[in-house]
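Take a look at the structure set out below.
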Amino acid sequence: MALIVKKFGGSSVASLGHIRRVAWAIASAKEKGEQVVVVVSAMGGETDRLLKLSEEITSMPAGREQDALLATGEQACSALLAITLESLGHRAHSFTGMQLPLITDENQSKARIIDLKTDILKKAINDGIIPVVAGFQGVSESGNITTLGRGGSDTTAVALAAALKANCCEIYTDVDGVYTADPNICPKARHIEKIAFSEMLELASLGAKVMHVRSIELAQKFQVPLVVKSSFNGERQTWIVNEEDIMENSIIKGVTLEKNVSKISLIRIPDCPGIAHQILEPLAEAAINVDMIIQNASIDGYTDLTFTIPTTDLNIANELVNKVAREIKALEVRADNNIVKVSAVGIGIKTNPGVAARMFKALSEENINIEMISTSEYRISCVIEEKYGELGVRAVHHAFGLENKNNHQKEQ
Ligand code: ADP
Ligand code: ASP
Ligand code: MG
């Protein structure tokens, strides 16, 4: 009997009506003879609502309490879905990350999975009970509730599929797969039938929130068959596969918009050995991911340093940087969260000169100023002003000829 892990995202369980539809889909899969393990996100908008509540109290809540708060969204949803399944005559049990347990490191709000016990789930399956697991959460070795980062229920689902050696992990969401750009920003984005782990990893880490980054890493590592589907219509889907399983290859696979990005600049800092380390080390210790880094040419022994970090870490980063800035007598620290990052992604970039120039031309034709640039083998990223983000994505998407003539419509 095939064992399938089915993950339903927030928009798929946004109301009791949605939860009922999901319950019917699970029941019909079970009636067809599939063994099903379900993973759910919080009901759509719930995580944001909880975040706003704690923000009303303080801009820097204790990580332990913030995670305890956010985990309730998934816990409530898993219990509601189990209640609905039982009301339809199926046996179902909800499980929190702590009950499994799904053990993580101590990094509150961006914890990584260390171990995942499946005995309780296997027993439920053997007893004919449908397990409904609360995604996005775990418990640290010291007993604190942790969360895996925004969008982390995808990672719970893939980790479970790997641990249970499931035949497939199905990610149900509000779009019918992965597109060449976010179809809600770029209506002419093209549907992708198969995408390589490496490309999906780049797209996800550069803002394509359709899949959580860590879920792709795990699926590749444990070779989990992974598919993205719509909860609302079943015609198309995207398989995420090994590079060698893809026949056709394009220079650019997709264009992304990363909104969770801010920059910090230190003006007039001493240009001498050890300064960059002194500034960035406290950020690394606080598990803050520093992305692009630019240092200006030195003038009279002084220079400027600018780097980007996730906006969700801006308050803590600003505090840490200001402390060092006082020690090294920097003239000024400037923080800016009014920026976004537009990236073009594809394995053809390294072998095709001129890709960067094409991207810069597309942005300049829309009069969009590029504030920072970074490139790697697989991507070119430009930081631009926030208000031009969506326009920038459409311009770059058009410049690389990725458009589809049949416009996509989002299903609700
Ligand atoms: P869920 O709540 O199901 O986890 P998410 O909101 O996390 O759903 O992810 C789905 C959303 O991802 C889509 O509604 C779409 O706006 C966005 N998205 C961003 N980039 C892409 C892309 N390249 N392809 C498809 N969807 C994308
Ligand atoms: N509920 C969490 C979020 O909104 C996790 C998830 O949906 O995967 O980010
Ligand atoms: Mg998601």
Side-chain angles (χ1 to χ4, degrees), residues 6-14 18 22 39-52 66-67 69-78 97 109-111 133-138 146-159 170-193 195 199-216 228-232 236-238 240 252-260 312 342-346 389-390 393 396-397 402 404 408-412:
K6 291 178 188 280
K7 179 259 170 178
F8 296 90
S11 49
S12 311
V13 288
H18 285 78
V22 164
V39 175
V40 284
S41 292
M43 294 169 80
E46 177 64 5
T47 310
D48 288 334
R49 188 186 74 85
L50 293 168
L51 273 171
K52 274 206 200 89
Q66 181 88 329
D67 275 2
L69 175 69
L70 296 188
T72 63
E74 271 68 13
Q75 178 172 354
C77 187
S78 61
S109 86
K110 48 190 152 193
V133 178
F136 175 56
Q137 57 182 271
T146 52
T147 62
L148 309 180
R150 297 303 304 265
S153 300
D154 299 331
T155 298
T156 307
V158 172
E170 299 175 345
I171 305 291
Y172 289 89
T173 183
D174 61 353
V175 284
D176 56 2
V178 181
Y179 281 70
T180 48
D182 184 340
N184 290 311
I185 293 175
C186 191
K188 290 185 180 165
R190 192 154 33 85
H191 181 265
I192 302 170
E193 269 176 41
I195 185 165
E199 288 171 322
M200 191 64 235
L201 199 55
E202 286 284 340
L203 288 178
S205 60
L206 292 166
K209 69 168 182 157
V210 62
M211 289 300 296
H212 192 233
V213 180
R214 187 80 187 117
S215 72
I216 307 299
V228 183
K229 297 176 166 200
S230 165
S231 296
F232 308 101
R236 291 195 296 195
Q237 56 203 12
T238 300
I240 304 171
I252 299 295
K253 197 68 172 198
V255 180
T256 60
L257 178 63
E258 168 71 79
K259 290 183 180 164
N260 180 23
T312 36
V342 173
S343 307
V345 174
E390 298 193 358
V393 168
V396 175
H397 192 265
L402 296 173
N404 185 0
H408 161 83
Q409 290 295 322
K410 184 178 171 180
E411 299 281 331
Q412 282 299 350

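Atoms within each ligand, like the ligands themselves, are counted from 1 in listed order. Each residue takes its place number in the sequence, starting with 1. Just so it is clear, the model here is predicted, and its values are computed rather than measured.
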Could you tell me, atom by atom, which parts of ligand 1 come under 4.0 Å of a heavy atom of Thr173? 1 (P), 3 (O), 8 (O), 9 (O), 10 (C)
Could an N or O of ligand 1 be found under 3.5 Å from any N or O of Thr180, whether backbone or side chain? no
I need the atoms of ligand 1 closer than 4.0 Å to a non-hydrogen atom of Ala208, numbered in the order shown. 19 (C), 20 (N)
Which of the numbered atoms in ligand 1 are under 4.0 angstrom from any heavy atom belonging to Lys7? 4 (O)
Glu74: numbered ligand 2 atoms lying under 4.0 Å from its heavy atoms: 1 (N), 2 (C), 5 (C), 6 (C)
Please check whether Ser12 reaches ligand 1 - meaning an N/O of the residue sits under 3.5 Å from an N/O of the ligand, judged on distance alone. no
Taking only non-hydrogen atoms of Asp174 and a 4.0 Å limit, the atoms of ligand 1 in range are 10 (C), 11 (C), 13 (C), 14 (O)
What pairs with Thr146 under side chain to side chain donor-acceptor pair (under 3.5 Å), at least two apart in sequence or on another chain? Thr104
Determine, using heavy atoms of Leu203 and all atoms of ligand 1, whether some pair is separated by less than 4.0 Å. no
Considering Thr256, Asp182, Asp176, Val255, which one's heavy-atom position lies nearest to atom 15 (C) of ligand 1? Asp182
Smallest separation among heavy atoms of Ile171 and Ala157, with atom names: CD1-CB, 4.3 Å
Which residue in the set Val178, Ile192, Thr180 passes side-chain contact (heavy atoms from CB on, under 4.5 Å) when paired with Lys253? Ile192
With a 4.5 Å heavy-atom cut-off, do Lys7 and Thr155 have their side chains touching? no
Relative to the ring of His18, is the ring of Phe232 parallel (under 30°), tilted (30 to 60°) or perpendicular (over 60°)? perpendicular
Does an N or O anywhere in Gly10 fall below 3.5 Å from an N or O of ligand 1? yes
Can you tell me which portion of His212 lies within the under-4.0 Å heavy-atom range of ligand 2? Options are side chain, backbone, both, or neither. neither
With sequence neighbours excluded, tell me which residues meet side chain to side chain donor-acceptor pair (under 3.5 Å) with Ser78. none
